[in-house]
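Take a look at the structure set out below.
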There are 2 protein chains.
Amino acid sequence: MRSVDQQGEQRILTAAIDLFGRQGFDGTSVRQLADSAAVSPALVIHHFGSKVGLREACDEHVLGFLKSERANVLLGTVDFDSARGYLAEHPEVVAMSRYLSQALARGDLASRQLFNRLIDDARDNLVLGEQRGMIRPSADPEARAALLVAWSAGLRLFGDLVAERLGGATLLEPAVSDRIADVALEVYEEGLLSADSVRRAMRGRADEARRSGTGAVEVESAP
Amino acid sequence: MRSVDQQGEQRILTAAIDLFGRQGFDGTSVRQLADSAAVSPALVIHHFGSKVGLREACDEHVLGFLKSERANVLLGTVDFDSARGYLAEHPEVVAMSRYLSQALARGDLASRQLFNRLIDDARDNLVLGEQRGMIRPSADPEARAALLVAWSAGLRLFGDLVAERLGGATLLEPAVSDRIADVALEVYEEGLLSADSVRRAMRGRADEARRSGTGAVEVESAP
DNA sequence: GTCTATATAATGATAGAC
DNA sequence: GTCTATCATTATATAGAC
C-alpha cells in the first residue's frame, strides 16, 4: 500500500532532520521544509501540529536510533574504518549526526536529556573498559565521562571546520579521518604533556595551587 | 565628554555580545537588543547598518580581544585557578567566551576564519611547548592542533551542560572546574587507554586495518 | 545621537475544499 | 492525506523630526 515510496509524513521528517541539522531550527522555515519534502507548508503543520512539534518528532527519531545497536557509529568511535563503511551505506545517519550536534548546542530541555544520556553511556562504556583492562582508571569517572562527551560533541559539531583545515570537506573522508584518528590516538595512548611537564604540574598542583598561575602549564586547547 | 558612561553604540555592542552568545543570532531580535541596551531599535540599525552588520562588529570586537595579551584566559588553559580570578573581575570576558562558542557553531565565513585563527594559535603554542619539552611531539602537529581546538570548543560550548551534570551551574565554579581540570589532566598526562589496550590497538592498526572493527578499541566519546 | 512612526517582507499557523 | 488561499504576528529596516 504505502511501503514502496516514502509518504509525506516520513519525507517531512527526513527533510527536517537534514535541514535542522545543517541550518539549525531557527534558521529553517516551514516553507523551506515543505519545499525540501515536496509537500505544502500546511501538510507539515497538519502532521506535526507545529514547527516545535516537528522538532520533537525529530528528537524522538534520533533518540530512538541512539538506542539501537549501531548507535556507536553515531556516538563516536576510535574505529573510523568500520564506521566509514556503515555511514557510506546509510547516509541518513550522517544527517542524524549533524542533527544531534545541533540539538546539543541548543541547550534546551531535550538537549539536556540527550547530553545526560550520552554521558551515561560513556561512563558505562568507560567503566566496562576499565574492567577489561583497556581503559585507565579515573579518580572521577563521572567527570571524565562528561569531559569526553563534551570533547566528542565538539569534534562532531566542528567536524566540517576541522576537515576544511586539513584540506577535506568532511570528517568522514579517509584523508581527514585518518589524520584525526591518528592524533587522537596519540593523545589517548600517551597523553599530551611530556613526562617533565607532568612532574612539574604535579608539584604545582600539590604545593602551589593558590599561586596565581605563573609557571603553570598553559596551552590553548586545554579545557 | 563621553567617557563617563557608555554611549549607545558601545552599550548596544555589549548587549549584542551578551545576547547573541546566550541565545544565538537568530534567537535574538533587534527589539530585544535595543531593550537590553536601553535604546530604540532604530538606533541599532543607525549605528551598525543592519543586524548582520552588528554581528560583524561583534566578531571584530571578540577577535580583537583574542589578539590581546589575556586571550589565553578566553582560549582555554589548564590553569583554572588563575583564570577564575581574572574572569571574576572581568565579567564581559565570560560573555565573549559564550559569544565565541556561538560564533564557531554558526559555521559561516566569519566562524571559519575564527576557527582557523584558533588552530594557528594552538599549533604555535603546541610547537613552542614541544621545544620547551613540555608537550609531547606529534607526528601531525596541524591535525593535533585542529583536534584540540575542536575539543576545547566543545567543552566551552557544552560547559553549562557539563556543569549541570556535575551538580553546578557553570564551568567556572570551582566545584566544577576542579573536577574537570583533574580529569583533563589525567588524560593529558597519562592518556586514556591502558598500556595493554595501546599494544593491542597498535597491532590492530598496523596489521588488520581492514577488518571491520571487531576487537578494536571502541568507546563512546572517542572521536 | 537619538527618537517615534511606519513600510515591507517573512514567519508560523488556520480554514476549508478535494 | 494533501492542497490553495489567507490570517495574524513578528521581523528587519526606513523616513524624517528633534
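Given the structure is predicted, the values throughout are model-derived calculations rather than measurements. In what follows, chains carry the letters A, B, and so on, assigned in the order in which the sequence lines appear, proteins first and then strands, with residues in each chain numbered from 1.
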Rounded interatomic separation in angstrom, taking [atom1] from [X] and [atom2] from [N]:
X	N	atom1	atom2	result
B:Leu43	D:dC18	CG	P	18 Å
B:Ile45	C:dA7	CD1	P	18 Å
A:Asp26	C:dG12	CG	P	9 Å
A:Gln23	C:dA10	CD	P	16 Å
B:Leu54	D:dA13	CG	P	10 Å
A:Leu19	C:dT11	CG	P	13 Å
A:Arg31	C:dA13	CZ	P	11 Å
B:Gln7	C:dC3	CD	P	11 Å

Do other residues, nucleotides or ligands put more than 12 heavy atoms under 6.0 Å from A:Gln32 CD?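 For A:Gln32, atom CD is crowded (more than 12 foreign heavy atoms under 6.0 Å).
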| request: Might you confirm whether atom CD of B:Gln10 has over 12 heavy atoms from other residues, nucleotides or ligands at distances under 6.0 Å? | output: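 Correct, the count exceeds 12.
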Quick one: label B:His46 by what it contacts on the DNA or RNA (base, sugar-phosphate, nothing), any heavy atom closer than 4.0 Å. base
Considering every strand and a 4.0 Å limit on heavy-atom distances, what is the contact class for A:Ser40: base, sugar-phosphate, or nothing?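 The answer is base, as A:Ser40 lies within the cut-off (heavy atoms under 4.0 Å) of a base atom.
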A:Ala42 has its side chain closest, among C:dA15, C:dG1, C:dA13, to C:dA15
The nucleotide from D:dT4, C:dT4, C:dT11 with an atom nearest the side chain of A:Ser29 is C:dT11
Checking B:Leu171 against B:Ser177 for the side-chain contact (heavy atoms from CB on, under 4.5 Å) test, could you report, in this order, the C-alpha distance in whole Å, the side-chain angles of both residues, the deciding distance, and whether it holds?
CA-CA 5 Å; B:Leu171 212 56; B:Ser177 66; 5.5 Å; no
Taking Watson-Crick and G-U wobble contacts under 3.5 angstrom, with | marking pairs to another strand and [ ] crossing pairs, the secondary structure of DNA chain C is written |||||||.||||||||||
(request) Start with the C-alpha distance between B:Trp151 and B:Tyr188, add both sets of side-chain angles, then the distance that settles ring-ring contact (aromatic ring centres under 6.0 Å, His included), and finish with yes or no. (result) CA-CA 13 Å; B:Trp151 276 356; B:Tyr188 283 151; 7.4 Å; no
Can we say B:Arg117 and B:Asp121 salt-bridge, meaning some charged N sits less than 4.0 Å from an Asp/Glu carboxylate O? yes
Check: In terms of side-chain geometry, is the basic nitrogen of B:Arg144 or B:Asp140 positioned less than 4.0 Å from the acidic oxygen of its partner?
Finding: no
Just by modelled atom types, is the A:Thr28 backbone N or O under 3.5 Å from a matching donor or acceptor in the A:Lys51 side chain? yes
Item checked: Short side-chain N/O contact to C:dT11 OP1/OP2 from A:Gln32, under 4.0 Å ->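 Result: no.
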